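What follows is one structure encoded as structure tokens, with my remarks underneath.
Labels below follow one simple rule: chain letters A, B, ... track the order of the sequence lines, proteins then strands, and each chain is numbered from 1. Every value quoted in this text rests on a predicted model; they were computed, and no experiment measured them. Any value given below was found using the heavy atoms of this structure, including those in side chains, with hydrogens, waters and symmetry copies removed.
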2 protein chains.
Amino acid sequence: MRRDSRLSGVLHVLLHMAEHPGPMTSEMLARAMGTNPVVIRRLMAGLRERGFVRSEKGHGGGWTIACDLAAVTLLDVYEALGRPGLLAMGNRTEAPGCLVEQAVNAALGDAFDEAEALLLRRFGALTLAALSADFHQRLAKRGGSTDLEKNHAA
Amino acid sequence: MRRDSRLSGVLHVLLHMAEHPGPMTSEMLARAMGTNPVVIRRLMAGLRERGFVRSEKGHGGGWTIACDLAAVTLLDVYEALGRPGLLAMGNRTEAPGCLVEQAVNAALGDAFDEAEALLLRRFGALTLAALSADFHQRLAKRGGSTDLEKNHAA
DNA sequence: GATATACGTAACATATAAAGTTTCATGAGA
DNA sequence: TCTCATGAAACTTTATATGTTACGTATATC
């Protein structure tokens, strides 16, 4: 399957929610993302458990942000998704008896660990507020609207 | 599917070949790796095209190393495998019209690009000779044999 | 209270890619 | 000629993200 896009997707959802006054339903968000409401609910389940968002049932219900955007990093979001695997490659065996494989594992494993650490460091250094600020900068430069319908094809 | 282990696997194969006088058949290598001869041939196809290894058919045939281990880096091997994807995550959409998604893509894309660059840098800095040297160091410390049968379960 | 709305969850379907397997053709040495 | 070994195609298996359907539950409006 192609690369996991859950982090990318959930950030997209969160930033749209930040621009939208009042709750957004899974249906609205799914339309914006070109996907299914159930996919949205799955993405959001972990975030709800951590208290980053809140969901309300029934009329006027939907999703609302329940945290300070400046206090939540991409690392927090990543962890709320269940820490999905970051690298597409890995060692063939975990604890091989073969010394050759141990040498290979050690060399590759170091590189893999470093790359993972780099990603987590980068995630930890970016807040949702920073992402939102970047969005608003792009918006000012282009002079568009924050309205969902203006930015997404119907 | 679990993480791609082709690079790990092909390095394992190469280092065993380096320790073995004369050609090794796909059958021998497959037994050592706990896999199928066809899998070995698939792994080696790209390396053969680049001249890193040579294959001979018929009696006494098999695979032999055809390069200077000190001149070939893990990056060369990685490229011979067809540059398989390094990261398990990616952006949801490549060139989105949505400014929110553009902001998300920019932030994540930078981190992803850096992680990939780090991995390729690390691969490029490691030669097969360095891996082999590390293996021999481990061997001296443990005082074992380079014989395949001694290091792999039957 | 009845109805429509919206989330929660389970179950199932689809798509993709690595890995494993089977089969047959081809070439090389004994 | 017979056996060994690679080359390549085709098929199966497995894992996982994503997409879809269906049904239960809670809530607001009428």
Side-chain angles (χ1 to χ4, degrees), chain A residues 1-10 12-13 17 20 22-49 52-66 78 81-93, chain B residues 1-10 12-13 17 20 22-49 53-64 66 78 81-93:
Chain A
M1 155 141 290
R2 71 176 174 285
R3 294 150 97 194
D4 181 347
S5 64
R6 281 177 290 180
L7 182 57
S8 170
V10 80
H12 189 185
V13 166
M17 286 170 58
H20 189 91
M24 295 186 78
T25 67
S26 305
E27 169 67 29
M28 295 167 65
L29 291 166
R31 242 197 324 269
M33 312 275 292
T35 182
N36 194 290
V38 178
V39 173
I40 302 293
R41 295 193 189 109
R42 266 205 297 246
L43 278 180
M44 305 291 275
L47 299 187
R48 184 185 53 228
E49 281 166 25
F52 298 153
V53 297
R54 197 174 18 239
S55 64
E56 305 284 351
K57 294 181 175 179
H59 274 279
W63 299 90
T64 44
I65 290 188
Y78 167 74
L81 290 177
R83 294 175 164 274
L86 293 169
L87 301 185
M89 309 187 57
N91 284 324
R92 222 174 56 87
T93 319
Chain B
M1 155 143 288
R2 71 175 173 288
R3 293 150 98 193
D4 180 346
S5 64
R6 281 177 291 179
L7 182 58
S8 171
V10 79
H12 189 184
V13 166
M17 286 170 60
H20 188 90
M24 296 185 78
T25 66
S26 304
E27 170 68 29
M28 295 167 64
L29 291 166
R31 239 196 329 268
M33 311 275 294
T35 182
N36 194 289
V38 177
V39 173
I40 302 293
R41 294 193 188 108
R42 266 204 296 243
L43 278 180
M44 305 291 275
L47 299 187
R48 185 185 54 230
E49 282 166 24
V53 297
R54 198 172 18 238
S55 64
E56 305 284 349
K57 293 182 177 179
H59 275 280
W63 300 90
T64 44
Y78 167 74
L81 289 177
R83 296 174 163 274
L86 293 169
L87 301 186
M89 309 187 55
N91 283 325
R92 223 174 56 88
T93 319

Side-chain N or O of B:Ser55 closer than 4.0 Å to phosphate OP1/OP2 of D:dA5:
no
State which residues pass side-chain hydrogen bond (donor to acceptor under 3.5 Å, both in side chains) with A:Thr25; sequence neighbours excluded, sorted by chain then number.
none
Would you say that A:Arg6 contacts A:Pro84 through its side chain, given a criterion of any heavy-atom pair below 4.5 Å between the two side chains?
yes
For the residue pair B:Trp63 and B:Val13, establish whether any side-chain heavy-atom pair is separated by less than 4.5 Å.
no
Quickly work out the A:Met44 CE to D:dT18 P distance and round it to whole Å.
15 Å
Where the side chain of B:Ser5 is concerned, which of D:dT18, C:dG8, C:dA19 is the nearest nucleotide?
C:dA19
Once you round it to whole Å, what is the distance between P of C:dA6 and CZ of A:Arg54?
18 Å
Can you find a side chain N or O atom of B:Arg48 that sits less than 4.0 Å from OP1 or OP2 on D:dG7?
yes
How many whole angstroms separate atom CG of A:Leu81 from atom P of D:dT16?
17 Å
Could you check whether any side-chain N or O of A:Arg92 sits under 3.5 Å from a backbone N or O of B:His12, counting only pairs where one atom can act as donor and the other as acceptor?
no
For B:Glu49 and D:dG7, what is the distance between atoms CD and P respectively, to the nearest whole Å?
10 Å
Smallest heavy-atom separation, B:Gly60 atom then B:Pro23 atom, equals O-CG, 3.3 Å
For nucleotides 20-30 of chain C, 5' to 3', base contacts (B), sugar-phosphate-only contacts (S) and non-contacts (-) with protein non-hydrogen atoms under 4.0 Å give BBB---BBBB-
Over how many whole Å does the gap from B:Met17 atom CE to D:dT6 atom C1' extend?
13 Å
Less than 4.0 angstrom between a side-chain N/O of B:Ser26 and OP1 or OP2 of D:dT6, yes or no?
yes
Rounded interatomic separation in angstrom, taking CD from B:Glu27 and C1' from D:dT3:
15 Å
How long is the line joining CG of A:Leu7 and P of D:dT18, in whole Å?
11 Å
List the atom of A:Leu43, the atom of A:Leu81, and the distance in Å for their closest heavy-atom pair.
O-CD2, 3.7 Å
Measure from CZ on A:Arg3 to C1' on D:dA15 and round the result to the nearest Å.
18 Å
Holding to side-chain hydrogen bond (donor to acceptor under 3.5 Å, both in side chains), I want the full list of residues that pass it with B:Arg54, two or more places apart in sequence or in another chain.
none
